[in-house]
Amino acid sequence: TACAAPRPRRLAIVARADIPVPVKGRQYAYRLSLPLPTFSVEDSPLIRENRIATLEERLPLKVFGMAEDEAAAVRWLSDPANHCELGIIDIFLKQGTGLGVLKAARGLHLGTRLVVLSNFATPDLRRACLALGADEVFDKSNDIEILLGYCARMVAADGVAGGAIG
């Protein structure tokens, strides 16, 4: 089941200058920032809620859509009214798989960065995910801080949330 959220409107989002983000050459800098629009595919409500809370608390990021199975995720991603710049996808879902989500997303040519967060990030699964279009694969148990660093670097590099405005 998808939890639809309205497409983020960048101009309507309040900018924040109190979020530290990594900056090349400095450990952290405070910058005027906008949240990075994100989509989450996770079948466990508890894990999904905890992950979203962690991401939104520690990064200039906002989850605008969620799905707990492959069909709902593909529907959300296929809807032109929805927009995200980062998709965080679990592999094992209530119905279908994250591999199916990756394959469908690749066919949609969204320009969205897609990362996999799984308890089973084996070398074979990593290769399969990367072959289907994942930008990175992270292990839920060991790589949360690495995922947070990836997101922070993405925000800073893209200027979505890390670039100065004005």
Side-chain angles (χ1 to χ4, degrees), residues 1-14 33-122 124-141 143-144 146-155 157-162:
T1 309
C3 303
R7 182 183 177 130
R9 300 198 188 284
R10 293 264 173 106
L11 297 176
I13 297 172
V14 177
S33 56
L34 298 174
L36 176 68
T38 302
F39 179 62
S40 175
V41 183
E42 170 62 61
D43 63 331
S44 167
L46 180 62
I47 292 172
R48 183 176 54 240
E49 290 168 18
N50 287 336
R51 179 188 317 141
I52 290 169
T54 299
L55 290 168
E56 290 182 347
E57 179 180 305
R58 296 191 50 194
L59 296 166
L61 176 151
K62 177 74 176 154
V63 175
F64 285 98
M66 297 170 274
E68 57 187 27
D69 62 51
E70 180 180 332
V74 172
R75 260 192 321 276
W76 193 94
L77 289 167
S78 300
D79 186 340
N82 297 328
H83 169 75
C84 68
E85 294 183 22
L86 174 65
I88 302 175
I89 303 167
D90 188 13
I91 290 297
F92 298 105
L93 305 172
K94 284 190 176 190
Q95 300 224 342
T97 68
L99 295 173
V101 175
L102 288 170
K103 185 176 180 182
R106 182 177 64 178
L108 293 170
H109 305 287
L110 300 171
T112 299
R113 293 204 186 150
L114 301 171
V115 299
V116 171
L117 186 61
S118 175
N119 283 324
F120 303 97
T122 64
D124 287 341
L125 181 65
R126 287 177 190 272
R127 279 190 292 278
C129 291
L130 294 171
L132 288 171
D135 293 288
E136 292 287 341
V137 179
F138 301 101
D139 184 278
K140 282 184 186 178
S141 302
D143 295 342
I144 296 301
I146 298 169
L147 170 65
L148 290 168
Y150 174 87
C151 294
R153 285 188 307 279
M154 180 184 163
V155 164
D158 287 350
V160 174

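In what follows, every heavy atom counts, from backbone to side chain, and hydrogens, waters and symmetry copies are set aside. The first residue of the sequence shown is numbered 1, and numbering continues consecutively from there.
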Donor-acceptor pairs under 3.5 angstrom involving side-chain atoms of residues 130-141: please list them, not counting sequence neighbours.
unit_1, atom_1, unit_2, atom_2, d
Asp135, OD2, Leu114, N, 2.8
Asp139, OD1, Ser141, N, 2.8
Asp139, OD1, Asn142, N, 3.0
Lys140, NZ, Glu42, OE1, 2.8
Lys140, NZ, Asp90, OD2, 3.1

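The structure places CD1 of Ile52 at 12.0 Å from CD1 of Ile47, a figure rounded to the nearest 0.5 Å. We find the CG-CG distance between Leu99 and Leu125 to be 6.0 Å, quoted to the nearest 0.5 Å. Between the CZ atom of Phe92 and the OG atom of Ser44 there is a distance of 14.5 Å, given to the nearest 0.5 Å. How far CG of Leu147 is from CZ of Arg51: 8.0 Å, rounded to the nearest 0.5 Å. Arg126 CZ to Phe120 CZ: the interatomic distance, rounded to the nearest 0.5 Å, is 13.5 Å. Going from atom OG1 of Thr54 over to atom CG of Leu59 covers 9.5 Å, rounded to the nearest 0.5 Å.
Of the candidates Leu61, Thr112, Leu36, Val155, Glu85 forms a side chain to side chain contact (heavy atoms under 4.5 Å, CB included) with just one, namely Leu36.
Summarising the geometry of Val74 relative to Val101, their closest heavy-atom pair is CG2-CA, 4.3 Å, with the distance given to 0.1 Å. Taking each heavy atom of Arg48 and Ala67 in turn, the nearest pair found is NH1-O, 4.4 Å. Looking at every heavy atom in both residues, Ile89 comes nearest to Gly98 through CG2-CA, 3.7 Å. Closest approach of Tyr150 to Arg113, counting heavy atoms only: OH-CD, 3.6 Å. Closest non-hydrogen pair, Thr38 versus Ile88, comes out as CG2-CD1, 4.1 Å. Nearest heavy atom pair, residue Phe39 against residue Ala73, reads CZ-CA, 3.8 Å.
Between the side chain of Glu70 and the backbone N or O of Leu93, no donor-acceptor pair lies under 3.5 Å. The backbone N or O of Ala72 sits less than 3.5 Å from a side-chain atom of Asp69, completing a donor-acceptor pair. Checking side-chain atoms of Arg106 against main-chain N and O of Leu102 turns up no donor-acceptor pair under 3.5 Å.
For the salt bridge (Lys or Arg N to Asp or Glu O under 4.0 Å) test, residues two or more places apart in sequence or in another chain that qualify with Lys94 are Glu68. Under the side chain to side chain contact (heavy atoms under 4.5 Å, CB included) criterion, Asp79 pairs with Ala81, Asn82, sequence neighbours left out.
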Original post:
What's the verdict on side-chain contact (heavy atoms from CB on, under 4.5 Å) for Leu77 and Cys84, showing C-alpha distance, side-chain angles and the deciding distance?
Top reply: CA-CA 8 Å; Leu77 289 167; Cys84 68; 4.1 Å; yes

